[in-house]
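Notes for the one structure printed next.
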Amino acid sequence: MYCSEAAVISAAVIAQRLYLHDSSLFCEQSIHKILAATLVIGAKFVDDKYYSNGYYAECTGVDVQELNLLELTVLTLLDFRVFVSEQDYVDMTDRLRAVSEPIPPKWTALLFQSITPSAEVNTQPRP
């Protein structure tokens, strides 16, 4: 599935706004549908070229009629306020980079140095 980086970051900002509006909407069963809807909204708002909801539905595994309804519901809940300011964009970019960067090697070494087998645990292979 193609979406620009700007569309993905905008979708994350929109999802954050929705969460702040009503966090009870977010659960294990709904998160992928909410992200699909916000991605569609972000792509339509930011990208010059975007695909049909049918394409996004196929890529995300969400039924196209449900995706259409989710898109309208998110827009309605947010009063169609999906403009992403430069500051919101920069802040979300920084947040996403912070959680996506790999753990530096020296931290990995420190993390695993502290893990030693317990004396009570038999580390010998079974015969």
Side-chain angles (χ1 to χ4, degrees):
M1 177 167 75
Y2 173 79
C3 284
S4 69
E5 181 178 304
V8 173
I9 293 168
S10 295
V13 171
I14 294 164
Q16 180 184 40
R17 288 179 186 166
L18 185 63
Y19 182 84
L20 293 172
H21 176 77
D22 186 354
S23 62
S24 70
L25 298 171
F26 289 73
C27 67
E28 288 182 22
Q29 290 76 31
S30 68
I31 188 66
H32 72 285
K33 293 176 182 182
I34 291 171
L35 292 178
T38 60
L39 190 57
V40 168
I41 294 166
K44 288 181 178 181
F45 194 77
V46 173
D47 291 344
D48 291 332
K49 178 182 178 183
Y50 59 87
Y51 297 92
S52 69
N53 281 20
Y55 171 79
Y56 292 117
E58 187 177 323
C59 292
T60 61
V62 177
D63 178 74
V64 68
Q65 291 165 334
E66 185 176 13
L67 185 57
N68 292 340
L69 181 59
L70 287 165
E71 179 185 7
L72 181 58
T73 301
V74 170
L75 288 168
T76 302
L77 288 171
L78 296 178
D79 295 323
F80 288 78
R81 293 185 185 133
V82 294
F83 173 77
V84 176
S85 70
E86 183 178 350
Q87 189 60 53
D88 286 345
Y89 186 90
V90 169
D91 290 347
M92 185 56 71
T93 301
D94 291 344
R95 292 181 76 189
L96 292 173
R97 283 192 178 129
V99 297
S100 66
E101 292 179 2
I103 298 173
K106 75 176 190 177
W107 288 7
T108 304
L110 289 172
L111 287 172
F112 289 108
Q113 273 181 349
S114 63
I115 300 174
T116 55
S118 167
E120 300 166 11
V121 176
N122 183 355
T123 59
Q124 299 299 316
R126 292 185 178 180

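Below, all heavy atoms of this structure are taken into account, side chains as well, without hydrogens, waters or symmetry copies.
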(message) Quick test of your reading: applying side-chain hydrogen bond (donor to acceptor under 3.5 Å, both in side chains), list the pairs with at least one residue in residues 5-20, sequence neighbours left out, ordered by first then second residue.
(response) R17-D88
(request) Determine whether L70 and L72 fall in the same hydrophobic cluster, where Ile, Leu, Val, Met, Phe, Trp and Tyr are linked whenever their side-chain heavy atoms lie under 4.5 Å apart. (result) no
(message) Would you say that N53 contacts K44 through its side chain, given a criterion of any heavy-atom pair below 4.5 Å between the two side chains?
(response) yes
(message) On a heavy-atom basis, which atom in A57 and which in D63 lie closest, and how many Å separate them?
(response) CB-C, 4.1 Å
(request) Kindly indicate whether the side chain of V8, heavy atoms from C-beta on, has any atom under 4.5 Å from the side chain of L39. (result) yes
(request) Over all heavy atoms of both residues, which pair between Y89 and A6 is shortest? Give the atoms and the distance, please. (result) OH-CA, 3.5 Å
(request) Give a yes or no on whether L78 and I9 share a hydrophobic cluster (residues Ile, Leu, Val, Met, Phe, Trp, Tyr; joining criterion: side-chain heavy atoms under 4.5 Å apart). (result) no
(message) Using a 3.5 Å distance criterion without hydrogens, assess whether the side chain of T38 forms a donor-acceptor pair with backbone atoms of I14.
(response) no
(request) State plainly whether one hydrophobic cluster holds both L96 and V84, where clusters connect Ile, Leu, Val, Met, Phe, Trp and Tyr through side-chain heavy atoms under 4.5 angstrom apart. (result) yes
(message) Do F83 and L20 sit in one hydrophobic cluster, given that two such residues count as connected whenever their side-chain heavy atoms are within less than 4.5 Å of each other, even indirectly?
(response) no
(message) Once rounded to the nearest 0.5 Å, what's the spacing between atom CG of N68 and atom OG of S52?
(response) 9.5 Å
(message) Testing the basics here: between F26 and L18, what is the closest heavy-atom pair and its distance to 0.1 Å?
(response) CE1-C, 3.9 Å
(message) Taking the side chain as everything from C-beta on, heavy atoms only, tell me whether D94 gets closer than 4.5 Å to V90.
(response) yes
(request) Identify the two heavy atoms, one from V46 and one from A7, that lie closest to each other, and give their separation to 0.1 Å. (result) CG1-N, 4.1 Å
(request) Kindly give the heavy-atom pair with the smallest separation between V62 and K33, and that separation in Å. (result) CG2-CG, 3.9 Å
(request) Report yes if the side chains of Y51 and K49 come closer than 4.5 Å at any heavy-atom pair, otherwise no. (result) yes
(request) For D79 and R81, indicate whether the former's side chain and the latter's backbone hold a donor-acceptor pair under 3.5 Å. (result) no
(message) Tell me whether Y50 at atom OH has more than 12 heavy atoms from other residues, nucleotides or ligands lying less than 6.0 Å away.
(response) no
(request) Please examine the side chains of V40 and L67, heavy atoms only from C-beta on, and report whether any two atoms are closer than 4.5 Å. (result) yes
(message) Under 4.5 Å between side-chain heavy atoms, counting indirect links through other Ile/Leu/Val/Met/Phe/Trp/Tyr residues: same cluster for F45 and Y55 or not?
(response) no
(request) Would you check if E71 and I41 make a side-chain contact, meaning some heavy-atom pair closer than 4.5 Å? (result) yes
